[in-house]
2 protein chains.
Amino acid sequence: MNMTETATVKLGRPRGFCEDTALEAAMRVFWEKGYEGTSLTDLTEAMRINRASLYSSFGDKETLFRRALARYGEGPAAYLKVALQAPTARRVVETLLKGVVDLLGNPKNPRGCLSTQGALATGLGAEPIKNALIEWRKGAEAEIQKRFKRARTEGDLPEDINPGDLTRYLSSVVYGLGIMAANGDTKADLNRVVDMTLRTLPL
Amino acid sequence: MNMTETATVKLGRPRGFCEDTALEAAMRVFWEKGYEGTSLTDLTEAMRINRASLYSSFGDKETLFRRALARYGEGPAAYLKVALQAPTARRVVETLLKGVVDLLGNPKNPRGCLSTQGALATGLGAEPIKNALIEWRKGAEAEIQKRFKRARTEGDLPEDINPGDLTRYLSSVVYGLGIMAANGDTKADLNRVVDMTLRTLPL
DNA sequence: TCTATTTTGTACTGTTCGATCTAAAACATA
DNA sequence: TATGTTTTAGATCGAACAGTACAAAATAGA
């Protein structure tokens, strides 16, 4: 037996499901129903696996949600990372808002944004998840602010615009778009908000 | 016995609590923990009444939440009605945003806005509540839009600003402020967003 | 003091929750 | 075919949930 190599050959009964596909399904259920609103039965039905498989592959409900959130950041919400690479502050804002609308306005997606749909207010049991989502949002804000600070040094952010203020303002609009989408507003509605924002943007 | 008058004299054991005070307490619990995150035990403890009294006075949990929401609209969220009476479109916006910040920035209040904390995403059981909250928010938007349409006829809304677009944009900022507050941002943080909004407001 | 009426306190209902236990099933290796 | 290992399916766990039943308690009127 070769102890130095990681086992590439699997013993025992093989998996009857694809972990990636199952996680994607879990993410969408959480996105639609929120953390507390999603039951283990909801999850197992959507993921098409049973409880034992869920627990052995993903840990408990809270761990599964955290993995779903990470996947959300790298998948549906990846527009953020793309936007941060735009060449100027104005282009960052334009790309960011367009990405948000593409995500929130896509009728194939659950309504709203996972980070706000997941848990804004909770009972005692789900408080760690609520806090994780707050951290997630604040992390995104921090990245945007960092990008605007860079823009300041590169000269494409006016002197009278504070990077932190701009970040907070922009974040508010983005969060607001999430609520509008949760309200059932269409992509056209969301685009009107974005148009107004860009029209009045002081840069 | 006088049949024409409504009974002012109460028979039986008198109430041991004030219905108004109890409803206020219930409102704050829902505000803090959301609809699904609030248990009947949370409610009875905060309201300082027992289950039987709760059910006989307020009906079931869903009915109680609806009454709490109505109270929220007439109490903490009454700034909306005040703002709508401001003399010009710009003054409406200023008053509205100031009212929002006063509410969301008050550290004595639960974090965030009841209408979004209550239920954005839910399991099957709470879907009626989720929809009631959507209706509540849309109702507020409709009132604002109506006010801006009036402003248009009164000449204090520029021709190139669509009342509906302005309403949607403003609603987004307000919803966003609710999320920022839920994130734990302070009144000063919220005021920065309001300053930026007013600074760039096209009217 | 007695009766009618209403509220209160508490035990209890059935259901659903997240999580676990057990044994059968499905594979690789020998 | 026999053995070891892992996954699957389903039963089951105690706790918490929303809601209810019922008798004791507290009042007004007779």
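Taking the six-membered ring where tryptophan is involved, the planes of B:F30 and B:F65 are perpendicular, since the angle between them exceeds 60° and thus also 30°.
The distance between atom CZ of A:R13 and atom C1' of C:dC27, rounded to the nearest whole Å, is 9 Å. The separation between A:Y55 atom OH and C:dA19 atom C1' is 4 Å, rounded to whole Å. Rounded to an integer number of Å, the gap from B:N50 CG to D:dA25 C1' is 12 Å. Nucleotide D:dC17 holds its P atom 10 Å from the CD atom of A:E36, rounded to whole Å. Going from atom NZ of A:K61 over to atom P of D:dA15 covers 19 Å, rounded to whole Å. Nucleotide C:dA19 holds its P atom 15 Å from the CZ atom of A:F58, rounded to whole Å. Atom-to-atom, CG of A:L54 to C1' of C:dC21 comes out at 16 Å; the value is rounded to the nearest Å. Taking atom CZ of residue A:R48 and atom C1' of nucleotide D:dT7, one finds them 18 Å apart after rounding to whole Å.
Salt-bridge annotation for A:R28 and A:E32: absent, with no side-chain N of the basic residue lying under 4.0 Å from a carboxylate O of the acidic one.
The base of D:dA18 lies close enough to the side chain of B:R51 for a donor and an acceptor atom to sit less than 3.5 Å apart.
For the pair B:E94/B:K98, no side-chain contact is recorded, criterion being any heavy-atom separation below 4.5 Å from C-beta on.
Distances shorter than 4.0 Å separate some side-chain N or O of B:R15 from OP1 or OP2 on C:dT7. Residue B:S53 places at least one side-chain N or O closer than 4.0 Å to OP1 or OP2 of C:dT8.
If A:G12 and A:F17 are placed on DNA chain D by their nearest nucleotide, the residue sitting closer to the 5' end is A:G12. When the nearest nucleotides of DNA chain C are assigned to A:T41 and A:A52 by heavy-atom distance, the more 5′-ward of the two goes with A:T41.
Between B:R152 and B:L157, the shortest heavy-atom contact is NE-O, 3.7 Å. The minimum heavy-atom distance between A:R137 and B:I179, with the atom names listed, is NE-CG2, 3.8 Å.
For B:S39, whose side chain is taken as the heavy atoms from C-beta onward, the closest listed nucleotide among D:dT8, C:dA19, D:dC17 is D:dC17.
A:T38 comes within 4.0 angstrom of sugar-phosphate atoms only, judged by non-hydrogen atoms across all strands, and of no base.
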